[in-house]
Protein chains: 2
Amino acid sequence: MKSRAELAELLRSHGLKCTRSREAVLGYLESACQPADAERIYAELRAMGIAVNLSTVYRTLESLCGVGLAKKVVLENEGRALFEFCDSAHRHYLVCICCKKIIPITFCPLGEYEQQLEQRTGYEITGHKLDVYGYCPQCKKISRA
Amino acid sequence: MKSRAELAELLRSHGLKCTRSREAVLGYLESACQPADAERIYAELRAMGIAVNLSTVYRTLESLCGVGLAKKVVLENEGRALFEFCDSAHRHYLVCICCKKIIPITFCPLGEYEQQLEQRTGYEITGHKLDVYGYCPQCKKISRA
DNA sequence: CTTTAAATGAGAATCATTTGCATTTGCATT
DNA sequence: AATGCAAATGCAAATGATTCTCATTTAAAG
Ligand SMILES: [Zn+2]
Ligand SMILES: [Zn+2]
Ligand SMILES: [Zn+2]
Ligand SMILES: [Zn+2]
């Protein structure tokens, strides 16, 4: 949980003008425990008494992603894009298909696989996206009952 | 490349009434060399002289996916959903971020990884989605020039 | 305190996809 | 082959997430 001054500094050091909306959105992402969509960020900020416009939330998220302060996460079967604070770590997601809870996973098992693929296909591989789906412990119980 | 009779039989055996649109869409998917989006399927069928409505293409794709004759493929940075003939094989995609060419990959390196995740997280894992991005041999050359 | 380029708010526009409803069609039954 | 009916289709309008336009406000540099 960063202070307002820290957030402001983070914005400036990434070449972004520091505004109320940006500080608010960045602050929200930084303290959120899982990726959130624009509408949700918008709603939560309003609930906190911070009046931002939805267009501005979208624009701000785009700016933040542009300078590497946020990351866009697109999941299958999810109509809307999610966003999270970007600590620039490569990661994957374990998503509950029932309650939508998301656990970020930092271990990546695909280094060798990518090399093999490059050799076999002639592609120059620049990255990958891996999402794992299933039931979280809670939903597992419920679905059994 | 299946005959019309084969396509019809495939539809019926999956519990779907056999109609001109369904036969056309399924036929297109079956002979396509890579996943295509609804609009594209629509355009190609028209070009072949088969008049189908775009809504019908969408509805047909939904039906085909519903009975397991097609599969929806959602890729990052791709505004529209893609569809492919479903041979029920688990697969991944190697996508060129330049020309959008897609190579399906049948080898999956994630069996052990899923087991480890189940143990560590308590989730019951039901599946995963892995897409690899990069430059195809052709685009690799171009970007160097 | 001015100045000025960038950011914002409000709402319209866009784009893929879905839906309502009147009409047509597959196909089982006579 | 003719009949009947539920399911499928065409068309246009609705939807929902996201982007854009443009007039107004604001951050921050001088
Ligand atoms: Zn759950
Ligand atoms: Zn990885
Ligand atoms: Zn390419
Ligand atoms: Zn796999």
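Just so it is clear: chains get the letters A, B, ... in the order the sequence lines come, proteins before strands, and each one is counted from 1.
- A heavy-atom distance below 4.0 Å to DNA chain C is reached by these residues of residues 50-64 of chain B, ordered by number: B:S55, B:Y58, B:R59.
- Taking the six-membered ring for Trp and thresholds of 30 and 60 degrees, B:H92 and B:H128 have nearly parallel ring planes, at less than 30 degrees apart.
- Using a 4.0 Å cut-off between charged side-chain N and carboxylate O, B:E124 and A:K140 make no salt bridge.
- The distance between atom CZ of A:R4 and atom P of D:dA27, rounded to the nearest whole Å, is 11 Å.
- Remark: P of C:dG9 and CZ of A:R22 are 11 Å apart, rounded to the nearest angstrom.
- Rounding to whole angstrom units, CG of residue A:L45 and C1' of C:dG9 are separated by 15 Å.
- The CZ-P distance, from A:F83 to D:dA17, rounds to 13 Å in whole Å.
- Side-chain contact between B:V132 and A:L110 is absent, with no heavy atoms from C-beta onward closer than 4.5 Å.
- Counting non-hydrogen atoms under 4.0 angstrom, A:A81 reaches the backbone sugars and phosphates but no base.
- As rounded to whole Å, 11 Å separates atom P of C:dC15 from atom CD of B:E39.
- Nearest approach of B:T60 to B:S21, heavy atoms of both residues: OG1-CB, 4.3 Å.
- No side-chain heavy atom of A:T56 sits less than 4.5 Å from a side-chain heavy atom of A:V25.
- Here the P atom of nucleotide C:dT8 and the CD atom of A:E23 are 12 Å apart, to the nearest Å.
- When all heavy atoms of A:Q34 and A:I102 are compared, the pair lying nearest together is OE1-N, 2.8 Å.
- D:dG4 and C:dC27 make up a base pair, with Watson-Crick or G-U wobble contacts both under 3.5 Å.
- The same ILVMFWY cluster, assembled from side-chain heavy atoms under 4.5 Å apart, contains both B:L82 and B:Y133.
- Rounded to an integer number of Å, the gap from CG of A:L11 to C1' of C:dA7 is 13 Å.
- To the nearest angstrom, P of D:dA17 lies 19 Å from CZ of B:R80.
- In this structure, B:R20 and B:I50 approach most closely via the heavy-atom pair NH1-CG2, 3.8 Å.
- Put simply, the side chain of B:S31 never gets that close to the backbone of B:M1: no donor and acceptor are under 3.5 Å apart.
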Task: Where protein sits on nucleotides 22-30 of chain C, one letter per nucleotide: B base, S sugar-phosphate only, - none, heavy atoms under 4.0 Å - done: ----SS---
